[in-house]
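Notes to accompany the following structure.
Here the structure is a predicted model, which is why all the values come from computation and not from measurement.
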Amino acid sequence: MLNLNSPDDNSNRNSLQDPVSLNVGGEIYTTTLDTLTRCRDSMLGAMFTGQIPVLRDNQGNVFIDRDGKVFRYILNYLRSSSLDLPDGFSELALLRREVDFFQIRPLLEEMCRYEALMPLSLRGGPLGAMIMVNVDSKVCCCACSHQRCVEGGFAPAYCFSAYSALSFQVRVLHFNLRHGPENYELRTCSVRAFTVDLFCTWRAFLALICERFSYRTSRGLTSPHPCNPRQNRLKLEWVPRPDELPQDQYDKQRYQGLTVSNTELTQLDDIVSVHRNPCDITDMQGFVEELLKVSLAEGFKVDLVTPDPAEILNCTSLRLVKC
């Protein structure tokens, strides 16, 4: 039974002496005032600097009506300024809720960094989840028209293209590449278009793929989206820009590249920041390699490779199952 006869703030503060015994949801902890007031703008800081009256149980322990299972990690952080969680920690959502209640802002920031590096599988996920991947690529021929006219009567630049996702087709691109007032040069290059159809029974993994991969467009990086909000399918289509194809002509065709963001940690003056470094994917082998890195880190295992299991990076079909 609790003693609800709370004294005034000053006497409440004066009655608190080291060590302090806490009853948090039935779990007993012993710590110091210095630890509890480490973050003075937090709820704990307000409680143990006398700004908020505290309650005591019949044994004289300061009573806090919160979940006591994860409070030890909050206390450890206040002692050491380090978030030290055991491998395979599965109470991350509960810990975040408690940290948010106590409003310990440095710990909230530390948890954001921790979650950014945490495998999705440790945040919960179904065993037996399956990924099916089908890949396709096609070579397109791009040519620019050559025109030189001493009279200065030039036709406007123009272009047209045809594309089919089901077969190899030649795509011819005509445009005027201007070098001077009366100088247009003819150039030709090959453009390779890639298509990936990905199906996964674990929708959270699709969200991770959309977070990790981005399209590089003339407007900057944009995230891909599932084909249908009610379906677990994702289609990726991209065209790496060849060196010989001018950027303005590449943009005019509304081509887009594909990048993968690799999480990196940097530390400066004891401040750790998390950022993602986008790298261009220029061939299908590069995409399969990055997909394997992401999926294997989340607990998936390769189940089927077509056509040759020994040449997984050159596969046309891939199946993975979460163990």
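Residues Asn23 and Asp57 have side chains that bring a donor and an acceptor to within less than 3.5 angstrom of each other. In this model, a donor atom of one side chain and an acceptor atom of the other lie less than 3.5 Å apart for Gln247 and Arg241. A donor-acceptor contact closer than 3.5 angstrom links the side chains of Gln103 and Arg105. Using modelled atom types and a 3.5 Å distance limit, the side chains of Glu311 and Asn314 yield a donor-acceptor pair. No hydrogens or angles considered: nothing links the side chains of Thr32 and Asp18 as a donor-acceptor pair under 3.5 Å.
Contact check for Leu92 versus Tyr114: side-chain heavy atoms found under the 4.5 Å cut-off. Counting only heavy atoms from C-beta outward, the side chains of Leu198 and Cys200 approach each other to under 4.5 Å. Between Arg40 and Thr49, some side-chain heavy-atom pair lies under the 4.5 Å cut-off. Looking only at side-chain heavy atoms (C-beta outward), Phe213 and Glu290 come within less than 4.5 Å of each other. Residues Leu22 and Phe63 fail the side-chain proximity criterion, which asks for heavy atoms closer than 4.5 Å. When side chains are defined from C-beta on, Leu44 counts as touching Ile64, because their heavy atoms get closer than 4.5 Å. Residues Ile74 and Leu95 have side chains in contact (heavy-atom distance under 4.5 Å, counting atoms from C-beta outward). Side chains of Ile131 and Val133 form a contact here, defined as non-hydrogen atoms less than 4.5 Å apart.
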What's the verdict on salt bridge (Lys or Arg N to Asp or Glu O under 4.0 Å) for Asp197 and Arg233, showing C-alpha distance, side-chain angles and the deciding distance?
CA-CA 7 Å; Asp197 289 299; Arg233 298 176 183 175; over 6 Å; no
Carefully, step by step, assess Thr259 and Tyr215 under the rule side chain to side chain contact (heavy atoms under 4.5 Å, CB included).
CA-CA 6 Å; Thr259 70; Tyr215 288 127; over 6 Å; no
Report the C-alpha separation of Lys252 and Asp248 in whole Å, then their side-chain angles, then the decisive distance to 0.1 Å, and conclude whether the salt bridge (Lys or Arg N to Asp or Glu O under 4.0 Å) test is met.
CA-CA 6 Å; Lys252 184 181 293 185; Asp248 62 332; 5.9 Å; no
Does the pair Val62 and Val20 meet the rule for a side chain to side chain contact (heavy atoms under 4.5 Å, CB included), with working shown?
CA-CA 8 Å; Val62 175; Val20 180; 4.2 Å; yes
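The side chain to side chain contact (heavy atoms under 4.5 Å, CB included) search around Ser218 returns Asp251, not counting sequence neighbours.
Of the inter-residue distances, the one linking Asp100 atom CG with Met43 atom CE reads 10.0 Å to the nearest 0.5 angstrom. Rounding to the nearest 0.5 angstrom, the gap separating the CG atom in Leu245 from the CD atom in Gln253 is 8.0 Å. The structure places CD of Gln256 at 10.5 Å from CH2 of Trp238, a figure rounded to the nearest 0.5 Å. Atom CG of residue Leu291 and atom CG of residue Leu313 lie 11.0 Å apart, to the nearest 0.5 angstrom. For the atom pair CG of Leu318 and CE of Met132, the computed distance is 8.5 Å after rounding to the nearest 0.5 Å. In this structure, CZ on Arg72 lies 4.0 Å from OH on Tyr29, to the nearest 0.5 angstrom.
For the pair Thr30 and Arg79, the tightest heavy-atom approach, listed with the atom from each and the gap, is O-NH2, 3.4 Å. Glu98 and Asp67 make their closest contact through OE1-N, 3.5 Å (heavy atoms, listed as atom of the first residue, atom of the second, distance). Taking both residues in full, the closest heavy atoms of Leu234 and His225 are given as CD1-O, 3.2 Å, listed atom of the first, atom of the second, then distance. Minimum heavy-atom separation, Arg56 to Gly60: NH1-O, 2.8 Å. Between Pro240 and Ile281, the shortest heavy-atom distance links the atoms CG-O, 4.0 Å. The minimum heavy-atom distance between Val70 and Glu91, with the atom names listed, is CG1-CB, 4.0 Å.
Side chain of Arg212 to main chain of Val260: no donor-acceptor pair is present (N/O by atom type, distance under 3.5 Å, no hydrogens or angles). The backbone N or O of Arg230 lies less than 3.5 Å from a partner atom in the side chain of Asn228, making a donor-acceptor pair. No donor-acceptor pair closer than 3.5 Å links the side chain of Ser82 to the backbone N or O of Asp84. One N or O on the side chain of Thr201 and one on the backbone of Met130 form a donor-acceptor pair closer than 3.5 Å. At least one donor-acceptor pair closer than 3.5 Å links the side chain of Tyr250 to the backbone N or O of Val239.
Stacking of Arg66 on the aromatic ring of Phe101 is recorded, both the 6.0 Å distance cut-off and the 45° axial limit being met.
With hydrophobic clusters built from ILVMFWY side chains whose heavy atoms lie under 4.5 angstrom apart, Ile104 shares a cluster with Leu108. Under the 4.5 Å side-chain heavy-atom criterion for ILVMFWY residues, no single connected hydrophobic cluster contains both Leu296 and Leu304. Phe300 and Val321 fall into different hydrophobic clusters, where Ile, Leu, Val, Met, Phe, Trp and Tyr side chains are chained together by heavy-atom contacts under 4.5 Å.
Residues Phe287 and Phe194 place their aromatic rings such that the two centres sit no closer than 6.0 Å. For an aromatic pair to be called close, the ring centres must be under 6.0 Å apart, and Phe102 with Phe71 satisfies this.
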